[in-house]
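Shown next, in structure tokens, is the structure this report addresses.
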Amino acid sequence: WVTRPYLRRWLATANPRILNLGGGGTISHRWLTADVDPRSDVFMDVTKPLPLPDAVIDVVYSEEVIEHIERDAGTRMLAECFRVLKPGGVLRLTTPSLDYFAARALKEASAVKEINDIFYNHGHRFIYSELAMRQALKAAGFVNIVQSTYRDSQALYGHFDSHPARFAFAPPEWSQYWEARKPVADGK
């Protein structure tokens, strides 16, 4: 009863429409934060269809969220992001990098604890390799899939990244950073 009226007002007035999907208490005047966390602007469960019309969002920003849900739910979440984005809209997504943890675990015995911590101590359900994330984005229909870095000045929305600044235990190199576009009518 709170979310629907708030969403209607936001959809009528926000320009651009930037959705911080799964942003918890990360509130900003720049975007609408949607999460199951009561500190968010509106309630949205990323494992369910998003209560938004098709093709109404300019940017979906999802920082360190997809790893908290099962792989199939992650696939559905990406499909929902694609559905709600306008043609040409952008998804900025960050998630822990299995590549980073695996490479460290192969080089240092002490790093094996890190790989176990990333799975068991943060409520994570599925950690993506960089190849798996690229394939998941492509399978959802995204194009112009570009891997970037934390706060990448060349990325359109890299300046939104905040997770390593908010959580000292999680340095930027732990994660992978992506931007991908919903194609416009001609498929580009």
Side-chain angles (χ1 to χ4, degrees), residues 1-70 72-95 123 125 133 136-137 139-146 148 150-167 170 175-185 187-188:
W1 57 271
V2 172
T3 294
R4 295 232 184 255
Y6 194 103
L7 276 177
R8 275 194 299 276
R9 278 192 309 277
W10 181 74
L11 287 169
T13 61
N15 188 23
R17 292 182 185 145
I18 301 171
L19 178 65
N20 180 4
L21 188 59
T26 307
I27 306 298
S28 172
H29 68 281
R30 296 182 289 187
W31 56 53
L32 178 77
T33 299
D35 200 324
V36 296
D37 186 315
R39 298 172 299 166
S40 64
D41 294 319
V42 296
F43 179 88
M44 281 189 205
D45 182 344
V46 299
T47 66
K48 308 267 190 259
L50 301 178
L52 294 164
D54 294 353
V56 295
I57 303 297
D58 297 291
V59 179
V60 174
Y61 175 61
S62 187
E63 183 179 47
E64 307 294 319
V65 174
I66 198 168
E67 69 276 6
H68 290 275
I69 58 178
E70 300 288 342
D72 289 345
T75 299
R76 289 189 302 273
M77 179 188 131
L78 291 175
E80 279 295 289
C81 290
F82 186 86
R83 179 186 67 79
V84 302
L85 279 167
K86 294 176 181 177
V90 175
L91 169 67
R92 172 76 177 181
L93 181 136
T94 76
T95 188
R125 309 301 289 161
M133 181 51 65
L137 290 165
F142 289 100
V143 296
N144 299 6
I145 300 166
V146 176
S148 69
Y150 177 66
R151 294 193 175 167
D152 184 352
S153 63
Q154 301 302 307
L156 293 172
Y157 299 99
H159 61 283
F160 286 175
D161 299 340
S162 68
H163 191 263
R166 290 182 292 119
F167 299 98
S175 294
Q176 49 186 310
Y177 303 84
W178 295 93
E179 284 189 353
R181 256 186 210 286
K182 181 175 182 173
V184 290
K188 295 182 181 175

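Just so it is clear, the structure is predicted and the values come from calculations on it, not from any experiment.
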Legend entry - Side-chain touch Trp178/Ile145, heavy atoms, less than 4.5 angstrom: yes
Inset, instruction - Mind listing the closest non-hydrogen atom pair of Gly24 and Ile27 along with its distance? - result: O-CD1, 4.3 Å
Inset, instruction - Evaluate the side-chain proximity of Tyr150 to His163: yes if any heavy-atom separation is below 4.5 Å, no if none is. - result: no
Legend entry - Side chains of Glu64 and Thr95, donor plus acceptor under 3.5 Å: no
Inset, instruction - Determine yes or no for a side-chain-to-main-chain donor-acceptor pair under 3.5 angstrom, with His68 supplying the side chain and Arg125 the backbone. - result: no
Legend entry - Beyond-backbone contact of Arg4 with Pro51, side-chain heavy atoms, under 4.5 angstrom: yes
Legend entry - Student check: side-chain heavy atoms of Val90 and Leu85 closer than 4.5 Å: no
Legend entry - N-O pairing of Arg166 and Glu63 below 4.0 Å: yes
Inset, instruction - Mind checking the SG-CD1 spacing from Cys81 to Ile66? Nearest 0.5 Å is all I need. - result: 7.5 Å
Legend entry - Interatomic spacing from CD1 in Ile69 to CG in Asp45 - rounded to 0.5 Å: 8.5 Å
Legend entry - Ser153 side chain near His159 side chain, heavy-atom distance below 4.5 Å: no
Legend entry - Enclosure of Arg30 CZ (heavy-atom neighbours >12, cutoff 6.0 Å): yes
Legend entry - Beyond-backbone contact of Trp10 with Pro5, side-chain heavy atoms, under 4.5 angstrom: no
Inset, instruction - Applying ring-ring contact (aromatic ring centres under 6.0 Å, His included), name anything that partners Phe160, two or more places apart in sequence or on another chain. - result: Trp31, Tyr61, Tyr157
Legend entry - Test item: Val46 and Leu21 side chains (from C-beta on) under 4.5 Å apart, heavy atoms: yes
Inset, instruction - Test side chain to side chain contact (heavy atoms under 4.5 Å, CB included) on Val56 and Leu11 and set out the steps. - result: CA-CA 8 Å; Val56 295; Leu11 287 169; 4.0 Å; yes
Legend entry - Approximate separation, where rounding is to 0.5 Å, of Gln154 CD and Ser148 OG: 10.0 Å
Legend entry - Residue pair Leu78 / Ala136: nearest heavy atoms and the distance that separates them: CD1-CB, 3.7 Å
Inset, instruction - Identify the two heavy atoms, one from Asp37 and one from Gly25, that lie closest to each other, and give their separation to 0.1 Å. - result: OD2-N, 4.1 Å
Legend entry - Single hit among Leu50, Val36, Asp35, Thr33 for side-chain contact (heavy atoms from CB on, under 4.5 Å) with Met44: Leu50
Inset, instruction - Sequence neighbours left out, what pairs pass salt bridge (charged side-chain N to carboxylate O under 4.0 Å, His left out) with at least one residue falling in residues 13-24? - result: none
Legend entry - Pairwise distance CG(Asn20) to CG(Asp41) - rounded to 0.5 angstrom: 8.5 Å
Legend entry - Check: Glu80 and Pro49 side chains under 4.5 Å, non-hydrogen atoms: yes
Inset, instruction - Grab the two heavy atoms, one from Val42 and one from Ser40, that are nearest each other, plus how far apart they are. - result: O-OG, 2.9 Å
Inset, instruction - Show your reasoning for whether side chain to side chain contact (heavy atoms under 4.5 Å, CB included) applies to Leu93 and Met133. - result: CA-CA 10 Å; Leu93 181 136; Met133 181 51 65; 3.8 Å; yes
Legend entry - Polar side-chain atom of Arg83 near backbone of Leu52 as donor-acceptor pair, under 3.5 Å: yes
Legend entry - Any donor-acceptor pair under 3.5 Å from Arg181 side chain to Asn144 backbone: no
Inset, instruction - For the pair Arg151 and Asp161, find out whether any cationic side-chain nitrogen is under 4.0 Å from an anionic carboxylate oxygen. - result: no
Legend entry - Closest heavy-atom pair and its distance - Ala55, Lys86: O-CG, 3.3 Å
Inset, instruction - Measure across Ala180 and Phe142 and return the closest heavy-atom pair with its distance rounded to 0.1 Å. - result: CB-CB, 3.7 Å
